[in-house]
Each structure stands twice: as structure tokens, then as C-alpha cells.
Amino acid sequence: CNGGTTNHATLYFMSSAAGTGTGTVPATPPTPDLQACDQNISAGQDTSCAFAENTFYEYSQSAQNPSGQQLTIYSPVTQQDYSVTCTVDAQSNVDCYTSTGSYVTFSQSSVAAYTPAEAQAYAQSGKLGNSTPY
């Protein structure tokens, strides 16, 4: 790949019968090296914990669809919104990806344990950018 100087890209190649590829992220792409953002949230090495925490919040407040859903997540580091695809893997982990190579993962049980009071406090923290709390 050629292009930008500040972003890393991850490519996934899937084999399928001719003409049947969907162009979507595979159900179990390779797991990148991870950094722990807290006891529940991990992020790829090129993904900020601030973005990972916003992803967790937005996912937790959305109508969750285990087969996949699109979210718009604000990055406090780049001060931009990114389209994020989240799916649930066989181990009940939520795996979220962007087209720019960002990766965030957390368990469904951590989402279930996230209280409304915790969500409200996070929403009022100012870390969500222009996102509207659900």
C-alpha cells in the first residue's frame, strides 16, 4: 500500500467462491498486539485508549446487534469521527474495527455490568466530542 505517513493499515484477505466476497471484516481477523486501557477494554497498539473508551461507551449505549453494527466514534486524539464496525466473536468478546486499522475489544459481560450511573458520568466527562449521548 502507498499513501499517508501517519496511519497504519491492516489488510484482511478472505477466500471465497468467485464473486461471493462481501468486502466485510472477517468474523475472526488476526488479533493485533494489544494494550490494556483498563480492566475491561483493550486496544490495538496504534489505537488510543481514549478512542477505545469512547467505543466502549457508544457500543454500551447502542441497540447492540451481535451480528455486526456500525457506530460513529469520536477520537479525542485526532479530533475526528470514525466509522467503526463492531461484531461479537465466539468467546463473547466485542471486536471493533475501523477502516484505518484501529482495533478495540471488550467482553459482552463488561458491557452488561456497565451501570447507567457510570455511563452518565462518562457522557458528562467531555471525552465524547460532538457525539450525542443515547
Side-chain angles (χ1 to χ4, degrees):
C1 293
N2 295 318
T5 60
T6 60
N7 292 321
H8 294 81
T10 302
L11 299 175
Y12 300 102
F13 295 95
M14 300 179 293
S15 63
S16 62
T20 63
T22 62
T24 60
V25 174
T28 56
T31 302
D33 291 333
L34 298 176
Q35 59 178 319
C37 295
D38 69 12
Q39 69 273 17
N40 298 308
I41 305 167
S42 295
Q45 293 296 316
D46 296 326
T47 304
S48 72
C49 283
F51 182 78
E53 291 165 354
N54 282 355
T55 302
F56 177 87
Y57 170 83
E58 295 288 355
Y59 182 86
S60 74
Q61 301 304 296
S62 68
Q64 296 149 23
N65 181 349
S67 64
Q69 69 189 82
Q70 290 290 127
L71 300 169
T72 300
I73 309 296
Y74 175 75
S75 170
V77 173
T78 64
Q79 299 179 352
Q80 295 180 21
D81 288 329
Y82 294 88
S83 179
V84 177
T85 301
C86 295
T87 57
V88 179
D89 69 17
Q91 293 77 36
S92 295
N93 292 314
V94 180
D95 297 315
C96 300
Y97 300 87
T98 69
S99 64
T100 60
S102 293
Y103 174 70
V104 176
T105 187
F106 44 86
S107 68
Q108 280 190 301
S109 62
S110 66
V111 173
Y114 194 51
T115 68
E118 291 170 323
Q120 183 178 13
Y122 191 81
Q124 294 173 345
S125 71
K127 297 176 183 177
L128 293 172
N130 293 330
S131 298
T132 303
Y134 293 89

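Note: hydrogens, waters and symmetry copies are ignored here, and every other heavy atom, side chains too, is used.
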Inset, instruction - Enumerate the residue pairs fulfilling disulfide bond (SG atoms under 2.5 Å apart) with a member in residues 43-74, sequence neighbours excluded, ordered by first and then second residue. - result: C37-C49
Legend entry - Contacts of type side chain to side chain contact (heavy atoms under 4.5 Å, CB included), residue Q124, not counting sequence neighbours: Q120
Inset, instruction - Hey, could you give me the CD/CG distance between E53 and L128, rounded to the nearest 0.5 Å? - result: 10.5 Å
Inset, instruction - Kindly indicate whether the side chain of Q69, heavy atoms from C-beta on, has any atom under 4.5 Å from the side chain of Y59. - result: yes
Legend entry - Pairwise side-chain contact, V94 with F106, heavy-atom cut-off 4.5 Å (strictly under): yes
Legend entry - Closest heavy-atom pair and its distance - T87, G68: CG2-CA, 3.8 Å
Inset, instruction - Only counting residues at least two apart or in another chain, list the ones meeting side chain to side chain contact (heavy atoms under 4.5 Å, CB included) with A50. - result: S48, P76
Legend entry - Contact summary for L71 and S62, nearest pair of heavy atoms: CD2-CB, 4.0 Å
Legend entry - Minimum heavy-atom distance between Q70 and S83, given as atom pair plus value: NE2-OG, 2.7 Å
Inset, instruction - Output all residues satisfying side chain to side chain contact (heavy atoms under 4.5 Å, CB included) with S92, sequence neighbours left out; order by chain, then residue number. - result: Q108
Legend entry - Inter-residue atom distance T47.OG1 - I41.CD1, 0.5 Å rounding: 12.5 Å
Legend entry - Exercise: identify the closest heavy-atom pair between A119 and Q61: CB-NE2, 3.3 Å
Legend entry - Summary of disulfide bond (SG atoms under 2.5 Å apart) pairs that have at least one residue in residues 84-120, sequence neighbours excluded: C86-C96
Inset, instruction - Report the residues that fulfil side chain to side chain donor-acceptor pair (under 3.5 Å) with S110, sequence neighbours left out, ordered by chain and then residue number. - result: S107
Inset, instruction - List in chain and number order the residues that pass side chain to side chain donor-acceptor pair (under 3.5 Å) with Q64, two or more places apart in sequence or in another chain; answer none if no residue qualifies. - result: none
Inset, instruction - Measure the OH-CG distance between Y114 and N40 for me, rounded to the nearest 0.5 Å. - result: 10.0 Å
Legend entry - Those residues that, when tested against F51, pass ring-ring contact (aromatic ring centres under 6.0 Å, His included) (two or more places apart): Y82
Inset, instruction - Please name all residues satisfying side chain to side chain contact (heavy atoms under 4.5 Å, CB included) with T105, sequence neighbours left out, ordered by chain then number. - result: L34, S42, N93, D95, Y103
Inset, instruction - Taking side chain to side chain donor-acceptor pair (under 3.5 Å) as the test, write out the residues that go with Q79, two or more places apart. - result: none
Legend entry - Side chain Q35, main chain G44, donor-acceptor under 3.5 Å: yes
Inset, instruction - Quick one: list whatever passes side chain to side chain donor-acceptor pair (under 3.5 Å) with Y122, sequence neighbours left out. - result: N54
